[in-house]
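Below: one structure, written as structure tokens.
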Amino acid sequence: MKSIHELKGIRDYTVPLLKFLEELPLDEKVVLFGHSYGSVNVALATEIFPGKIEVANLCCSYHVQYRP
């Protein structure tokens, strides 16, 4: 696991959650709650693993502007 000072972006910050969801058995689902900047992690996880998330709750969401 990286220290907080080694994180370079939202994907690095989200890796532990994504690894957890990747290892979750197919017959299990989770409820995720993201507050503020953590809502970005939850939103990313719902895009990558939609079948493993029963409910995703975003509170006081932080919105990232995407610029291609």
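For this chain, numbers begin at 1 and follow the sequence in order.
Across all non-hydrogen atoms, the minimal contact from Gly51 to Lys29 is O-CE, 3.2 Å. Shortest non-hydrogen contact noted between Lys52 and Glu22 is NZ-O, 3.3 Å.
Interatomic distance, Asn41 CG to His35 NE2, rounded to the nearest 0.5 Å: 13.5 Å.
The hydrophobic cluster containing Leu44 also includes Leu17, Leu18, Phe20, Leu21, Leu24, Val30, Leu32, Val42, Ile48, Phe49, Ile53, Leu58, under a criterion of side-chain heavy atoms closer than 4.5 Å among ILVMFWY residues, counted directly or through chains of members.
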